[in-house]
Amino acid sequence: QVKITFDSAALISAGKMQSDCDDIRVTGRNGQVLPYVLDIGPSGCNQSATNVWVKASSIPASGGTVYFYYGNPAATSAENGNAVFLEYDLK
């Protein structure tokens, strides 16, 4: 799992991201869509430090590249905590 932190509040206020962050998509360098889940609570959507956890198949010691997409007003949530973590429970 890889944590990506970004400022969703700025993107939402600029009209570039849905207010519920449902339009987030993450892909690997090969274009494969990667499973992700947003943190809930104080680091959730519409925060200056929003955390998104992504499941990557491997990460080279030298680092890796993922692509982070947003801005599709028709997108629905593709979050999948069970595909990111071995044990995932929303409470």
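Note: hydrogens, waters and symmetry copies are ignored here, and every other heavy atom, side chains too, is used.
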(message) For T5 and K3: C-alpha separation, side-chain torsions, deciding distance, then whether side chain to side chain contact (heavy atoms under 4.5 Å, CB included) applies.
(response) CA-CA 6 Å; T5 302; K3 180 172 74 170; 4.0 Å; yes
(request) I would like to know whether F6 and I24 meet side chain to side chain contact (heavy atoms under 4.5 Å, CB included); could you show each step before the answer? (result) CA-CA 12 Å; F6 71 104; I24 292 172; 3.8 Å; yes
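- With hydrogens and angles ignored, the 3.5 Å screen pairs a side-chain donor or acceptor of D23 with a backbone N or O of Q18.
- Within the model, atoms CD1 of I4 and CZ of F68 stand 6.0 Å from one another, a figure rounded to the nearest 0.5 Å.
- Transitive grouping of hydrophobic side chains (ILVMFWY, heavy atoms separated by less than 4.5 Å) brings L38 and V26 into a common cluster.
- D22 and S77 make their closest contact through OD1-CB, 3.3 Å (heavy atoms, listed as atom of the first residue, atom of the second, distance).
- Of all the heavy atoms in Y70 and K16, the pair that sits closest is CD1-O, 3.3 Å.
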(message) Determine whether C21 and I12 satisfy the following criterion, side chain to side chain contact (heavy atoms under 4.5 Å, CB included), listing intermediate values before the conclusion.
(response) CA-CA 8 Å; C21 294; I12 290 167; 4.3 Å; yes
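- The two atoms that bring D7 and Q47 nearest to each other are OD1-O, 3.6 Å, heavy atoms only.
- S43 contributes no side-chain N or O that, together with a main-chain N or O of T50, makes up a donor-acceptor pair within less than 3.5 Å.
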(message) K55 vs F85, test: side chain to side chain contact (heavy atoms under 4.5 Å, CB included). Steps then yes/no.
(response) CA-CA 8 Å; K55 176 74 176 230; F85 297 107; over 6 Å; no
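- Considering all non-hydrogen atoms of both residues, G71 and P73 come closest at O-CD, 3.1 Å.
- Exactly one of V54, N80, V66, V2 qualifies for a side chain to side chain contact (heavy atoms under 4.5 Å, CB included) with Y36. That residue is V54.
- Checked by atom type and distance alone, the side chain of S8 pairs as donor or acceptor with a backbone atom of N46 at under 3.5 Å.
- Expressed to the nearest 0.5 Å, how far CG of N72 lies from CE of M17 amounts to 11.5 Å.
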